[in-house]
Amino acid sequence: MGNVILDVADLHIEFHDHDKPETVVEDFDLMLEEGEIVGIVGESGSGKSMSALAIAGLLKRHALTKKGRIMFNGTDLLTCSRKELRSYQGDEISMIFQEPMTSLNPVKKIGWQVEESLRIHHKDIDKKERKRRAIEMLTAVGMHDPEKLYEKYPHELSGGMRQRVMIAAAMIGEPRILIADEPTTALDVTIQAQIVELLRKMNREKGTAIIFISHDLSLIRQICKRVIVMQSGNIVETGYVEDIFRHPKMSYTRKLIAAIPQIDLS
Amino acid sequence: MKKFFSLFKKNKATGERNTFLLLGVIITGFILLMVIVGLFYTPYNPTKMDASAKLQGISFKHIMGTDNMGRDVFSRVMYGSRITVAIATFTILIGAGIGTIIGALTGYFGGIGDEITMRIIDAMLAFPSLLLSLVFVSLFGTGTYQVAIALGISFIPSFARIVRGEFLRCKNMDYVEVARLQGASNIRIIFVHILPNTVGVLLSSVMIGFNNAVLAEAGLSFLGIGAQPPHASLGKMLSDAQGYLFNRPSYVMSIGLVIVLMVLGFSFLGEGIKRIKN
Amino acid sequence: MRYILKKVLSMVLTLFVVSLCVFLAFSLIPGDPVTRMFGTEATPELIAQYREKLGFNDPLLVRYFRWFFAFLQGDMGTSYDYKMPVAGMLAEKIPITLTLAVMSFVIMVIISIPLGIYTAKYENGIIDHVISVINQIMMAVPPFFSGILLTFFFGVILKIFTPGGFVSYTKDLEGFLKYLILPAFAIALPKAAMATKLLRGSVIEEAGKDYTRTAYSRGNTTNAVLYLHVLKNAMIPVITFMGMALADMVAGSIVIEQVFGIPGVSRILLSSINNRDYPVVEAIIMGIAIMVLVINLLVDIIYRIIDPRIEVEE
Amino acid sequence: MEQEKVIQIRDLKVYYKQYRKNIFGKKRRHQVLKGVSIDVFEGEILGLAGESGCGKSTLAKAIVGMNKDIEGEINLKYSDTQMVFQDPYSSLNPSKKIGWLLEEPLRVDKERKWTPKERKEKVLEIMKAIGLPKEMLERYPSQLSGGQRQRVSIGVALMRSPKVIIADEPVSALDVTIQAQILQLLQQLNRDLGITILFISHDLRVIYQICNHVAIMKHGEIKEYGIPYEVYRNPQNDYTKELLTAAGIK
């Protein structure tokens with residue numbers, strides 16, 4: 001067994017946006033080992049995105065209570081100071097999102113956005129070095145002509161390219177954990193395959209552990225070793241993807257698998 | 001009716017009370033009451049002068065005092081409010097009515113007609129509304145009806161623009177395509193399918209527009225080119241009163257206050273309605 | 001560069017259309033201007049003679065172009081009532097009205113931007129609620145009434161302001177500017193309230209967008225997110241509003257000048273509207289029109305600088 | 001048995017006009033479909049696959065006559081072709097109740113007049129067919145879930161008993177388990193009522209599951225056509241191969 005870098009236990013999230021509290025995540029557990037890719041699968045409202053946002057420390061828009069613990073580096077991210085949380089965000093823990101069209105700031109240049117984590121967390125790195133690394137990163141995510149791209153704005157790029165930029169920006173600080181929240185859902189299938197391949201490459205080369213969230217079980221099967229199946233805020237089943245495909249224990253998992261059209265070409 | 005009152009109670013989901021709505025209903029109700037009662041009864045004849053009672057202060061006899069010709073200010077305010085409300089209503093009827101039709105047709109059909117209309121409307125909108133009304137007033141001449149028409153015309157562009165925007169948004173929705181596929185006529189699509197979806201936006205624009213109309217009319221009257229005697233509106237009265245600011249401030253203040261309340265009540269009402277929808 | 005050129009071209013075209021509309025509107029009004037000029041002294045011979053002399057017998061379009069090009073060269077025609085060149089009548093008044101409008105604009109910007117950001121940042125806090133109520137009230141008070149209130153408060157109660165104590169900028173620049181402060185506030189307050197409300201809403205809306213979440217995910221502090229990411233986006237609609245507000249303020253000055261007895265463009269405009277002295281009305285309207293178009297051009301240019309997406313939408 | 005063709009398309013070209021916003025700009029004509037020929041047979045489900053911007057929705061709109069600037073031939077056996085759209089949140093008018101929405105196709109029917117009673121009866125019949133309780137007739141679309149809305153959209157399309165339905169990505173916006181239910185409903189309508197369906201989707205798996213034929217589109221052209229089993233097993237076109245690989249099928 002590898003080194004556990006993230007240990008989430010008994011995570012509860014309750015929203016208080018209305019008079020009646022609403023539980024969106026209950027008893028969520030997750031052990032992430034160094035360099036592995038774990039999938040979280042579920043339908044809308046299953047709480048998969050909420051759990052991910054909680055781990056990334058991004059649940060501040062709602063009035064809510066969180067219980068449990070999210071241990072990273074000996075620190076509980078749920079209870080630590082905002083300052084300490086910020087010191088990990090973008091540096092040790094990065095996140096990419098579903099909508100590459102809106103996740104980038106429309107009025108800032110690509111280069112500025114890609115190197116932002118460096119600017120925040122590594123003030124010792126000078127401007128020239130930052131740019132060098134940003135261009136290196138843009139090349140690594142498969143962009144042509146990164147020098148030119150550095151000066152461009154998000155609207156000049158296609159959806160797939162924007163998601164590559166998002167990945168470059170997330171990976172520039174060489175984080176230990178990358179949380180990918182439905183990173184390919186808004187993209188065409190061929191682009192989707194390229195992005196999945198890119199994530200695999202990042203995982204292989206930089207050793208970054210990835211939490212891959214998707215509604216698509218067949219996609220999870222392509223990229224993850226372990227998977228957590230969620231339904232309405234609860235974990236239904238967890239284990240190795242192949243085991244779950246072969247011997248699903250819970251009826252909901254069976255239903256999810258049955259919903260994937262089977263193709264038998266033999 | 002029960003539903004109406006429940007709007008003022010604390011919202012069970014959010015625990016908040018819609019204070020804006022409550023204040024809006026109270027203030028607007030008060031103004032409307034004044035206007036309606038004023039149709040049948042005023043404490044004094046608003047045009048009757050009394051040389052012995054010039055510029056009196058606030059008293060039980062004259063709750064807003066008297067003006068420089070000894071007329072009862074409250075009676076005059078009741079009368080003036082009526083003129084102001086009437087002109088504002090007329091303005092909105094013209095502006096919203098014609099504006100909605102123009103906006104609906106240009107937004108729905110698009111094409112060259114839309115291009116030309118929008119060019120004109122954009123050019124008109126770029127100009128300060130007060131200036132626009134001044135241009136129309138100088139074309140039509142000063143007078144109560146002329147001012148109402150001038151204001152109405154100058155309100156058309158903003159309504160046309162808003163409704164057009166709504167139509168552009170709705171016209172690309174799939175439900176419009178569905179209706180078209182079913183064979184609904186363009187007129188039916190415009191008025192039966194799309195228009196009901198713009199009511200919310202239209203209503204809040206009418207609320208804002210009414211206030212702007214009250215302010216614009218008061219501004220023009222203040223300049224002496226609004227409603228003409230005998231139709232003394234609130235703006236004209238305020239401009240007459242301004243000269244007595246130093247010896248009888250209550251005279252000026254009471255008239256100004258009524259204008260402010262009229263606008264405030266309506267804007268609270270608008271804000272309150274907006275919060276119901278949320 | 002091509003963008004700016006295009007905008008300038010479009011502005012010139014609009015100016016042309018506007019001037020044509022203004023000219024036609026005033027030419028088609030019933031009533032003969034020459035008869036109007038001579039009043040009771042008019043005899044048919046005299047009128048015919050002057051019609052010929054002043055070129056009123058030429059076709060409408062010829063008259064329009066003559067008027068338009070003369071206008072561009074600074075010749076705005078002759079007032080019917082005062083029998084003197086309109087340009088000369090307005091020359092001293094325009095700087096007064098413009099100063100007033102610009103001062104109001106500056107006041108609006110200084111008040112609304114910090115307040116808008118603050119109320120958005122502390123959304124639903126006590127100060128936010130208080131300011132939103134004050135805003136509602138500010139928007140309901142017409143500028144001429146707030147002018148009267150300010151005069152009353154500063155003139156009658158505090159006695160630090162002398163109503164009617166206007167001095168011309170040619171005599172005492174400092175005194176001139178000091179006198180304009182209160183009128184400028186009267187014009188600026190409702191606009192500042194609207195701008196605050198708009199900026200607050202705009203910041204809150206932008207703060208709810210996905211890219212803000214991305215910014216937080218990189219470890220930005222709340223202030224960094226607000227000032228580095230959100231503000232520039234949030235300013236886009238506010239700039240449009242402020243451009244329109246500046247134009248509105250020029251028109252608003254006309255009313256306020258009446259309240260404070262400032263001898264700007266206002267008096268001439270009002271008396272010429274009442275007396276149907278059309279060359280003067282035309283000249284003032286055209287003057288404001290040109291200003292509005294220039295302001296719009298500036299807004300477009302600022303837009304282009306702030307929002308890189310503009311070019312694509314062309 | 002030679003099946004009858006309900007839609008026959010020959011060398012169809014569709015253009016989109018692009019107005020420049022500036023009045024000095026000139027109009028441009030942009031070709032979206034570059035000569036498409038395809039047949040849809042009576043009683044089948046034809047899958048039309050491709051990525052965004054490949055022209056599959058344009059083809060659908062051309063068939064129902066929503067695109068005007070076209071060249072080529074479109075022969076339809078039946079005049080009444082209805083469409084079901086992708087987004088169940090935008091294809092139902094939010095200001096109308098479900099009952100009203102279902103009745104509307106009958107109200108504007110040019111073929112015959114429907115009495116209110118006939119309309120009500122037809123509505124109840126369709127509600128049964130799409131598997132929704134009749135209490136929902138009094139609800140607004142916003143009170144329904146995504147899957148229920150998509151059922152209503154299908155119901156609206158069914159009201160005038162069309163022989164052909166074009167479904168443009170009808171399940172893409174739905175959760176997977178709901179997806180399966182809607183696909184089942186479409187299959188059932190095809191089987192029980194003999195409705196021919198042109199099924200547009202980017203998901204090759206879904207197409208395999210329910211379609212009799214598949215056509216792969218790219219850049220406004222049909223790259224490959226055939227029976228899904230054969231196309232998937234032995235793709236002839238490079239793009240088809242790429243799509244299959246990307247979807248993890250091959």
Side-chain angles (χ1 to χ4, degrees), chain B residues 16 19-20 23-24 27 119-120 122-142 208 211-212 214-225 234-235 238-239 241-242 245-246 249 252-253 255-257 259-268 270-271, chain C residues 10 13-15 17-18 21-22 25-26 28-29 129 132-133 136-137 139-149 151-152 155-157 163 190 243-255 258-259 266 269-274 276-278 281-282 284-285 288-289 292-293 295-296:
Chain B
E16 277 172 25
T19 322
F20 278 112
L23 280 174
I27 300 175
R119 282 255 137 195
I120 296 170
D122 277 346
M124 279 172 86
L125 277 179
F127 287 90
S129 50
L130 180 71
L131 184 77
L132 214 56
S133 333
L134 280 177
V135 172
F136 287 120
V137 169
S138 54
L139 289 176
F140 301 149
T142 49
I208 297 167
N211 274 348
N212 288 339
V214 169
L215 290 174
E217 192 282 326
L220 290 181
S221 299
F222 187 82
L223 293 176
I225 50 180
L234 293 174
L238 190 65
S239 130
Q242 196 202 342
L245 177 63
F246 293 94
V252 186
M253 296 301 158
I255 297 171
L257 200 68
I259 299 180
V260 172
L261 281 181
M262 195 182 277
V263 176
L264 201 60
F266 236 72
S267 76
F268 279 165
E271 193 74 26
Chain C
S10 148
L13 193 82
T14 316
L15 178 65
V17 173
V18 167
C21 291
V22 169
F26 285 101
L28 297 178
I29 294 176
H129 283 302
S132 93
V133 171
Q136 289 285 346
I137 295 172
M139 283 184 262
V141 182
F144 48 86
F145 186 52
S146 58
I148 292 173
L149 289 178
T151 314
F152 182 69
V156 179
I157 299 177
M244 286 179 75
L246 179 55
D248 259 357
M249 283 169 169
V250 177
S253 310
I254 291 170
V255 184
Q258 288 296 101
V259 179
S266 161
L269 177 63
L270 293 177
S271 69
S272 15
I273 287 177
N274 275 324
R276 310 205 146 204
D277 193 350
Y278 293 134
V281 181
E282 276 173 326
I284 294 175
I285 288 168
I288 298 182
V292 168
L293 291 174
I295 292 169
N296 283 342

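For a residue to count as touching a neighbouring chain, one of its non-hydrogen atoms must lie under 4.5 Å from one of that chain's; by this rule C/Ala245 does not touch chain B. The contact between C/Asn296 and chain B is made entirely by side chain atoms (from C-beta outward), counting heavy-atom distances below 4.5 Å. Heavy atoms closer than 4.5 Å to chain B are found in the backbone of C/Met139, but not in its side chain. B/Met253 touches chain C through backbone and side chain together, each having a heavy atom under 4.5 Å away. The part of C/Val281 that comes within reach of chain B is its side chain, from C-beta onward, which places non-hydrogen atoms under 4.5 angstrom from that chain. In this structure, chain C has a heavy atom under 4.5 Å from the backbone of B/Phe140, while its side chain stays farther away. Proximity to chain B involves both the backbone and the side chain of C/Val141, based on heavy atoms less than 4.5 angstrom apart.
For the options B/Leu130, B/Leu139, B/Val252, B/Leu131, heavy-atom pairs under 4.5 Å to chain C are most numerous at B/Leu139. Highest contact tally toward chain C, considering only B/Val135, B/Asn211, B/Leu125, is held by B/Val135 [criterion: heavy-atom pairs under 4.5 Å]. Top candidate by heavy-atom pairs under 4.5 Å with chain B, chosen from C/Ile285, C/Val259, C/Leu269, C/Leu293, is C/Val259. The candidate from C/Val156, C/Ile148, C/Ile284 with the greatest count of non-hydrogen atom pairs under 4.5 Å with chain B is C/Ile148. Heavy-atom pairs under 4.5 Å with chain B were tallied for C/Ala247, C/Pro143, C/Gly155; the largest tally goes to C/Ala247. For the set C/Ala140, C/Ala289, C/Pro142, C/Ser266, the count of heavy-atom pairs under 4.5 angstrom toward chain B peaks at C/Ala140.
Between B/Pro128 and C/Val250 the shortest side-chain heavy-atom distance does not fall below 4.5 Å. You'll find the side chain of B/Ile120 stays beyond 4.5 Å of the side chain of C/Cys21, heavy atoms only. Looking only at side-chain heavy atoms (C-beta outward), B/Val260 and C/Phe145 come within less than 4.5 Å of each other.
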> For B/Gln242 and C/Phe144, what are the C-alpha separation, side-chain angles and deciding distance, and is it a side-chain contact (heavy atoms from CB on, under 4.5 Å)?
Replying inline: CA-CA 10 Å; B/Gln242 196 202 342; C/Phe144 48 86; over 6 Å; no
> Between B/Phe127 and C/Val18, is a side-chain contact (heavy atoms from CB on, under 4.5 Å) present by the stated rule, with each step listed?
Replying inline: CA-CA 11 Å; B/Phe127 287 90; C/Val18 167; 4.0 Å; yes
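Between atom CG of residue B/Leu134 and atom CG of residue C/Leu270 there is a gap of 7.0 Å, rounded to the nearest 0.5 Å.
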Show which side-chain atoms of residues 215-225 of chain B pair as donor or acceptor with protein atoms under 3.5 Å away, not counting sequence neighbours.
| unit_1 | atom_1 | unit_2 | atom_2 | d |
| --- | --- | --- | --- | --- |
| B/Glu217 | OE1 | B/Ser233 | OG | 3.4 |
| B/Glu217 | OE2 | B/Ser221 | OG | 2.5 |
| B/Glu217 | OE2 | B/Ser233 | OG | 2.9 |
| B/Ser221 | OG | B/Glu217 | O | 3.0 |
| B/Ser221 | OG | B/Ser233 | OG | 2.9 |

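By the ring-ring contact (aromatic ring centres under 6.0 Å, His included) test, C/Phe26 pairs with C/Tyr278, sequence neighbours left out.
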